[in-house]
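Sequence lines set the chain letters: A, B, ... in the order given, protein chains first and strands last, and positions in each chain run from 1.
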Amino acid sequence: MALLKVKFDQKKRVKLAQGLWLMNWFSVLAGIIIFGLGLFLKIELRKRSDVMNNSESHFVPNSLIGVGVLSCVFNSLAGKICYDALDPAKYAKWKPWLKPYLAVCVLFNVTLFLVALCCFLLRGSLESTLAHGLKNGMKFYRDTDTPGRCFMKKTIDMLQIEFKCCGNNGFRDWFEIQWISNRYLDFSSKEVKDRIKSNVDGRYLVDGVPFSCCNPNSPRPCIQYQLTNNSAHYSYDHQTEELNLWLRGCRAALLSYYSNLMNTIGAATLLVWLFEATITVGLRYLHTALEGMANPEDPECESEGWLLEKSLPETWKAFLESVKKLGQGNQVEAEGEDAGQAPAAG
Amino acid sequence: MAPVLPLVLPLQPRIRLAQGLWLLSWLLVLVGGLTLLCSGHLLVQVWHLGTFLAPSCPFSALPQVALAASAVALGTGLVGSGASRASLDAEQYPPWRGVLGPLLVAGTAGGGGLLVLALGLALALPGTLDTGLEEGLGSALAHYKDTEVPGRCQAKRLLDELQLRHHCCGRHGYKDWFGIQWVSNRYLDPNDHDVVDRIQSNVEGLYLIDGVPFSCCNPHSPRPCLQSQLSDPHAHPLFDPRQPNLNLWSQGCHEVLLGHLQGLASTLGNMLAVTFLLQTLVLLGLRYLQTALEGLGGVIDGGGEAQGYLFPAGLKDMLKTAWLQGVGPHRPAPGESPPEEPPKEGLPEA
């Protein structure tokens, strides 16, 4: 008893083949889109690899690129097959390849589904990479004269301006590191000397932030220094002031940006997966319908198409049997060898 | 009455004309679409920068007219491709016969007129940007501190975002900020000696400082941004005058915005010129095709030679015919044949 049997007359077969041909070419387009999305994600990750310690995982965009290319190749091949399917002469040369090709298609669909799932799961690893990368980035903010790290100040400033964020988890992260280089400190000033002496590691820590943390929505000019000292500024209370600086941390901002991006890409990949699965099912029906034609010379005859020749449990049993036979076949050969050797020895 | 610019069109050249016209029409559709996108982009940019352009500046008319002109050009391209495709098929052409005439008139008058107007605006309006930006930016700078005044409260945020995004400071340089009060009186301590001194030393009672807002800061500078006491050489020690001053953005927002908008306007002008050329060619081709096919009585496959022309008669003759048409019913002159439509039969003449 075949699974999901459908009767096909010639008109239906022709329509199925034509529909599949069109769907395959749309799917090539979808494959190009997936390739483009993977490339875009890779470029976005590369753009900010400075704040991720250059250690971010490129697994997801690389697999998207690979799957996109594979999808283009498989679907253009399937389109050619569907085009030739209605001509018995041309179809004959594809016949022996169709069954292994369908198996490869099923494997490809499974891969596509797994890649789509990975898009949603990358968030976790990205969070820890960002936390470490931003911490290091802020540490090197002042090293504008160290070759190899001189760009970090510009990168962090542009990042904070573009993503409207400040520090790793908030603006207080800047209070704990020395972000003003010693080159620009006047060591003859009493205030500077006091601060450095009062710190265990001899660092110059201030309760101030760089200018890129400033929020343009604030009604008053930006207050960057002496943030915790209410008396230093007129009519200022640091406990209630919310509009002066960006309150969000850059880790949360970047994470939300990349999560949204990858959720969108994951959703698009799932849609493409559904499309591909439909195409594989259609191709299977076409294959079995053409195989089931009683008289291959007569194109007008009716035939049946199905997904699986027997029902699901029977097919699974038959598959296990064939695997066992494969194993038994080796066993029989080995026994034969032993039996052959034993009389020879004995 | 001799037709204007006649052209003999036997079957093969007619088919070639139709095919070439089909290609040109799709090219016109493509270029029209691109011009549409370009004018849409300029419209969005002008809308974003609306606060910094004086309300009296007519620059915003350019993208609007260009949008309309490119939409008409797009339509002309589609009509042209449809008509040229239909002219090769005997069954599809009859419905086009009645529509093509009025469509050609609409295309030439409407489309051509709009394109010429848009081109003219693209040449003339960028000159008005200078004064418009001067006024607009000056007003924005003056209202920077008015974050509590309804109607002006957005000026600070918009100006800060402009300076951050376009990498500029002040109108022509950072010193513009020294001449205006950009700190609101709400945040000035009336008991502070320094504040009182500054206000008293100024004729108009303004609190002027030699400092700039944070949005003027340049992230490329190796040292943390210096925003205050910029005219005092001793306020910030260790400043090396030999190194280029990367502390603040050096360009003024006036130059940056002027260059940006004028660049967009010139690109739009170039695309409008190309669209105009293509549209003229398509309309000419359609006219010749129409008149040639009318000469055959609307029969496409006729192997006979037909003559295509621009106008059935010279301008003077056409005016005389029109005048006679109007006067004829009242006073039919002797010997004059009753007024007729311009001859549809082509004359075998070069």
*Asks:* Rounded to the nearest 0.5 Å, how far does NZ of A:K154 lie from OG of B:S221?
*Replies:* 13.0 Å
*Asks:* Which residue out of B:L158, B:L159, B:L164, B:D146 racks up the most heavy-atom pairs below 4.5 Å with chain A?
*Replies:* B:L164
*Asks:* Please classify the contact of B:L188 with chain A as side chain, backbone, both or neither, using a heavy-atom distance under 4.5 Å.
*Replies:* backbone
*Asks:* Heavy-atom pairs under 4.5 Å with chain B are the metric here; pick the option from A:S181, A:P221, A:S212 that has the most.
*Replies:* A:P221
*Asks:* Do B:H220 and A:M158 come close enough that some side-chain heavy atom pair is under 4.5 Å?
*Replies:* yes
*Asks:* Is A:P210 in contact with chain B via its backbone, its side chain, both, or neither, using a 4.5 Å heavy-atom distance?
*Replies:* neither
*Asks:* How many angstroms lie between CZ in B:R186 and OG in A:S235, if you round to the nearest 0.5 Å?
*Replies:* 6.5 Å
*Asks:* Take a 6.0 Å sphere around CZ of B:R198 and say whether it holds more than 12 heavy atoms from other residues, nucleotides or ligands.
*Replies:* yes
*Asks:* Checking the side chain of B:K156 only, and the main-chain atoms of A:S218 only, is there a donor and an acceptor separated by less than 3.5 Å?
*Replies:* yes
*Asks:* Is the number of heavy atoms from other residues, nucleotides or ligands within 6.0 Å of NZ (A:K135) greater than 12?
*Replies:* no
*Asks:* Tell me, do A:D145 and B:P222 make a side-chain contact under 4.5 Å, heavy atoms counted?
*Replies:* no
*Asks:* For the CD atom of A:Q224 and the SG atom of B:C217, what is their distance to the nearest 0.5 Å?
*Replies:* 6.5 Å
*Asks:* Could you tell me the separation between the CG atom of A:L243 and the OG1 atom of B:T147, rounded to the nearest 0.5 Å?
*Replies:* 10.5 Å
*Asks:* Is B:R165 in contact with chain A via its backbone, its side chain, both, or neither, using a 4.5 Å heavy-atom distance?
*Replies:* neither
*Asks:* Counting only heavy atoms from other residues, nucleotides and ligands, does the tally under 6.0 Å from CZ of A:R203 exceed 12?
*Replies:* yes
*Asks:* Could you check if a side-chain atom of B:P219 sits within less than 4.5 angstrom of a side-chain atom of A:F211, using non-hydrogen atoms only?
*Replies:* yes
*Asks:* Under a 4.5 Å heavy-atom cutoff, which of A:P216, A:S189, A:C150 has the most pairs with chain B?
*Replies:* A:P216
*Asks:* How long is the span from the NZ atom in B:K145 to the CZ atom in A:R220, to the nearest 0.5 Å?
*Replies:* 16.0 Å
*Asks:* Heavy-atom distance under 4.5 Å to chain A: side chain of B:E148, backbone, both or neither?
*Replies:* side chain
*Asks:* Does atom OH (B:Y187) have a neighbourhood of more than 12 heavy atoms from anything else shown, all under 6.0 Å?
*Replies:* yes
*Asks:* If I measure from the heavy atoms of chain A, does B:P224 come under 4.5 Å with its side chain, its backbone, both, or neither?
*Replies:* both
*Asks:* So which of B:D189, B:D192, B:D160 has the biggest tally of heavy-atom pairs under 4.5 Å with chain A?
*Replies:* B:D189
*Asks:* How many angstroms lie between atom CD of B:E161 and atom CD1 of A:I161, to the nearest 0.5 angstrom?
*Replies:* 11.5 Å
*Asks:* Does CZ in A:F26 sit with more than 12 non-hydrogen atoms of other residues, nucleotides or ligands closer than 6.0 Å?
*Replies:* no
*Asks:* With a 6.0 Å cut-off (strictly less than), is the heavy-atom count around NE2 of A:H132, excluding the residue itself, greater than 12?
*Replies:* no
*Asks:* Please check if the number of heavy atoms outside B:H48 that lie under 6.0 Å from its NE2 is greater than 12.
*Replies:* no
*Asks:* Shortest non-hydrogen contact from B:R157 to A:N217?
*Replies:* CD-OD1, 2.5 Å
